[in-house]
Amino acid sequence: MTKKRRNGGRNKHGRGHVKRVPCALSGRFVPKDKAIKRFVVRNIVESAAIGDMQEATAYDGYTLPKIYVKMYYCVDSAVHARIVRVDQLQLAATEPPLAGSAALAIEKSNHRGFPFQGGQC
């Protein structure tokens with residue numbers, strides 16, 4: 001059977017088992033090495049209210065603290081929420097081939113000026 005990826009979609013080389021983490025969107029438990037990880041740094045106060053907070057504070061030059069969160073997503077939730085995109089090579093493999101002059105134009109552009117290609121001399 002052929003393999004789609006050399007790493008099998010995981011980062012678990014030499015380890016037999018990896019702990020599971022919950023997906024932030026769906027709640028599904030995913031192996032930690034397979035999960036899509038994003039480190040999110042956000043302000044505690046949303047941007048619309050920052051001005052009001054600065055006016056109301058008694059301290060000058062006070063910087064608001066930030067929230068640091070590591071988010072884990074399962075693959076299908078990350079694709080659905082557009083956190084990651086589907087690989088363009090996979091999309092090209094599923095599209096039907098072009099017909100007529102469009103296919104010929106692509107063939108010529110792939111030629112790159114080499115007169116003999118594919119063993120034809």
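Numbers for residues simply follow the sequence, beginning at 1. None of the values given here were measured: they were computed from a predicted structure.
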Atom of [X], atom of [Y] and distance for their closest heavy-atom approach:
| X | Y | value |
| --- | --- | --- |
| Lys3 | Arg6 | NZ-O, 3.2 Å |
| Cys74 | Ser26 | SG-OG, 3.6 Å |
| Asn43 | Ile67 | O-CD1, 4.5 Å |
| Ser77 | Leu25 | O-CD1, 3.7 Å |

Around [X], counting heavy atoms of other residues, nucleotides and ligands shown, do more than 12 lie under 6.0 Å from its [atom1]?
| X | atom1 | answer |
| --- | --- | --- |
| Phe39 | CZ | yes |
| Arg10 | CZ | yes |
| Lys34 | NZ | no |

Single-linkage hydrophobic cluster Phe29~Ile83, side-chain heavy atoms < 4.5 angstrom: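 No, separate clusters.
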Same apolar cluster: Leu64 and Val69, side chain cutoff 4.5 Å: yes
From CA spacing to verdict: side-chain contact (heavy atoms from CB on, under 4.5 Å), Arg38, Val84: CA-CA 10 Å; Arg38 295 289 182 263; Val84 292; 3.4 Å; yes
Val21: hydrophobic cluster co-members (side-chain, 4.5 Å): Tyr72
Approximate separation, where rounding is to 0.5 Å, of [X] [atom1] and [Y] [atom2]:
| X | Y | atom1 | atom2 | value |
| --- | --- | --- | --- | --- |
| Ile44 | Met53 | CD1 | CE | 9.0 Å |
| Lys19 | Lys32 | NZ | NZ | 10.5 Å |
| Met71 | Tyr73 | CE | OH | 3.5 Å |

Side-chain touch His13/Asn11, heavy atoms, less than 4.5 angstrom: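 A side-chain contact exists here, since the closest heavy-atom pair is under 4.5 Å.
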Test side-chain hydrogen bond (donor to acceptor under 3.5 Å, both in side chains) applied to Asp76 - qualifying residues, sequence neighbours left out: Arg28
